[in-house]
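Please read the structure below before turning to the comments.
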Amino acid sequence: MTRGANPALKSNSTPLEDIVGQSPAMVRVYDLVRRVAPTQATVLLIGETGTGKELIAKAVHHLSSRADGPYVRVNCGALHESLLESELFGHVKGAFTGAIENKTGRFEAAHGGTIFLDEISSMNPKLQVKLLRVLQENELERVGESKTIRVDTRVVAATNQFLEDEVSAGRFREDLYYRLNVVPILLPPLRERKDDIPALAEFFLRRHTAINKMGDKKFSNAILRALDVHDWPGNVRELENFVARLVVLSQGPTIETGDAGLPGSGRKPIPPQRFNPGEKTASGLQSLIRQVVRLGIQILPEGTLADRIVGAVERELINQVLEQCDHVQVKAATRLGINRNTLHKKVQEVSRLSEAEAGPAEVEET
């Protein structure tokens with residue numbers, strides 16, 4: 001689709017190019033993007049993995065006065081800190097072992113356009129200082145060189161962490177946070193915009209039947225109900241991967257529930273009914289806590305009730321989420337809403353506590 005011919009650009013509430021969804025949460029995103037894109041303001045995209053942060057970053061670029069300039073993407077979490085510095089700011093020949101020639105950094109390459117810094121929360125403090133300088137002064141120095149280079153590059157950053165928490169924990173500079181957080185745009189997880197699932201699923205169905213030259217296919221009602229049941233921890237990316245799998249494995253024009261289980265479920269059948277937490281769940285939890293408190297008062301030392309019970313609940317929560325995420329800690333941390341390093345430490349603590357509670361292993365007599 002040609003950008004100049006896109007009728008969606010006439011209204012702030014209509015979807016952006018290549019972005020599907022008309023839920024209230026997404027309409028707010030469209031409105032914010034169209035309001036901020038024509039400006040030079042730095043944008044911070046906040047959302048779970050798979051919510052479409054790069055699509056929104058591209059939309060900001062394409063709807064701006066920089067649309068004819070370069071769009072450069074850097075995943076700050078995919079490169080070692082020493083390599084990331086060179087990628088962002090460039091280097092000169094001989095700056096370090098392996099620097100056999102001068103290299104232009106991504107900020108220079110994006111001059112006159114937009115640079116998208118994904119996973120910005122993973123950037124180390126040293127690079128945070130250099131990034132802050134670029135944002136404040138529009139200038140940088142290549143690694144191994146003292147010459148100042150002026151750049152005119154708009155920054156769109158993205159994170160799946162709440163940077164306020166990273167600032168409080170001392171892992172992210174407060175001044176850089178304020179520089180990045182000029183216009184924050186919160187991207188809703190798919191579980192909070194389930195009205196968009198049918199349209200998204202149809203969009204991906206058309207895309208992957210075309211890619212695989214499979215001809216026309218459609219979803220059964222049972223499949224559509226199952227899509228609504230799932231919480232989609234991987235969000236839109238997970239939904240697309242699932243639809244792609246359905247297209248490949250289905251044998252007829254209508255895709256049925258037997259063609260594939262839900263993502264992460266192996267051969268487990270798709271749940272036929274939606275689990276809808278409500279008043280019964282809340283009252284059941286309250287009743288359980290009352291029972292645990294009464295029991296804890298009887299068997300736990302004075303002053304340890306909160307620590308012991310909260311700790312036990314936290315351990316069980318971590319175990320359950322890890323199991324749902326196939327023990328992939330990055331995915332589990334995103335779903336829990338905590339830093340990956342924090343989760344890793346908690347997992348180690350859970351392991352140590354489990355070993356302590358199990359006691360010494362029994363030695364079989366021979």
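Fair warning: this is a prediction, and the values are worked out from it, not measured in the lab.
Looking at His111, its side chain does come within 3.5 Å of a backbone N or O of Asp152 through a donor-acceptor pair. In this structure, Asp196 contributes its side chain and Gln22 its backbone to a donor-acceptor pair below 3.5 Å. For the pair Lys194 (side chain) and Leu227 (backbone), a donor-acceptor distance under 3.5 Å is absent. In this structure, Ser23 contributes its side chain and Arg193 its backbone to no donor-acceptor pair below 3.5 Å. Within the 3.5 Å criterion, the main-chain N or O of Arg173 finds a donor-acceptor partner in the side chain of Gln128. For Arg106 (side chain) and Leu88 (main-chain N/O), no donor-acceptor pair under 3.5 Å exists by modelled atom type. Counting only distance, with no hydrogens or angles, the side chain of Ser220 and the backbone of Ile255 share a donor-acceptor pair below 3.5 Å. Looking at Asn212, its side chain does come within 3.5 Å of a backbone N or O of His208 through a donor-acceptor pair.
To the nearest 0.5 Å, atom CZ of residue Arg225 and atom CG of residue Asn221 are 6.0 Å apart. In this structure, the separation between CD on Glu87 and OG1 on Thr104 is 11.0 Å, given to the nearest 0.5 Å.
Contacts of Pro198 classified as side chain to side chain contact (heavy atoms under 4.5 Å, CB included), with partners at least two apart in sequence or in another chain: none. Residues passing the side chain to side chain donor-acceptor pair (under 3.5 Å) test with Asn75: none are found, sequence neighbours excluded. Taking the side chain to side chain contact (heavy atoms under 4.5 Å, CB included) definition, one finds that Asp195 meets it with nothing, sequence neighbours left out. Qualifying salt bridge (charged side-chain N to carboxylate O under 4.0 Å, His left out) partners for Lys58, counting only residues two or more places apart in sequence or in other chains: none. With sequence neighbours left out, Glu85 forms a side chain to side chain contact (heavy atoms under 4.5 Å, CB included) with Phe89, Lys126, Leu127, Lys130, Val143. Checked against side chain to side chain donor-acceptor pair (under 3.5 Å), Glu108 has the following partners two or more places apart in sequence or in another chain: Arg142. Residues that satisfy the side chain to side chain contact (heavy atoms under 4.5 Å, CB included) test with Val321, not counting sequence neighbours, are Leu317, Cys325, Ala332, Arg335, Leu336. Partners of Arg28 according to the salt bridge (charged side-chain N to carboxylate O under 4.0 Å, His left out) rule, which considers only residues two or more places apart in sequence or in another chain, do not exist here.
The salt bridge (charged side-chain N to carboxylate O under 4.0 Å, His left out) contacts involving residues 153-165 comprise nothing, where partners must be two or more places apart or lie in separate chains. Sorted by first and then second residue, the salt bridge (charged side-chain N to carboxylate O under 4.0 Å, His left out) pairs with a member in residues 111-123 read Arg73-Asp118, Glu119-Arg340; sequence neighbours excluded. Within the structure, salt bridge (charged side-chain N to carboxylate O under 4.0 Å, His left out) pairs that include any residue of residues 205-223 comprise Arg207-Glu240 (at least two apart or interchain). Each ring-ring contact (aromatic ring centres under 6.0 Å, His included) pair with one or both residues in residues 157-184, not counting sequence neighbours, would appear here, but there are none.
What you find for Phe219 and Ala201 is that their closest heavy atoms are CE1-O, 3.5 Å. Taking both residues in full, the closest heavy atoms of Thr42 and Leu180 are given as CG2-O, 3.7 Å, listed atom of the first, atom of the second, then distance. Annotation for Ile46 and Pro184: closest pair CD1-CB, 4.2 Å, computed over non-hydrogen atoms.
Residues Asn235 and Thr51 bring no donor and acceptor atom of their side chains to less than 3.5 Å of each other.
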Arg35 and Asp31: CA distance, side-chain angles, deciding distance, salt bridge (charged side-chain N to carboxylate O under 4.0 Å, His left out) verdict: CA-CA 6 Å; Arg35 288 162 61 188; Asp31 177 64; 2.9 Å; yes

Under the side-chain contact (heavy atoms from CB on, under 4.5 Å) criterion, do Glu139 and Ile149 qualify, and how do the steps go? CA-CA 5 Å; Glu139 60 185 32; Ile149 298 172; over 6 Å; no

Residue pair Val74, Leu84: steps toward the side-chain contact (heavy atoms from CB on, under 4.5 Å) verdict: CA-CA 9 Å; Val74 183; Leu84 180 59; 3.8 Å; yes

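Hydrophobic clustering (ILVMFWY, side-chain heavy atoms < 4.5 Å, transitive): Met214 and Phe204 are in one cluster. Val183 and Ile115 are not part of a single hydrophobic cluster, where members link through side-chain heavy atoms under 4.5 Å apart. Under the 4.5 Å side-chain heavy-atom criterion for Ile, Leu, Val, Met, Phe, Trp and Tyr, Leu44 and Met26 are members of distinct hydrophobic clusters.
Taking the six-membered ring for Trp and thresholds of 30 and 60 degrees, Trp232 and His230 have ring planes more than 60 degrees apart, a perpendicular arrangement. Classified by interplanar angle (parallel below 30°, tilted 30° to 60°, perpendicular above 60°), the ring pair His61/Tyr71 is tilted.
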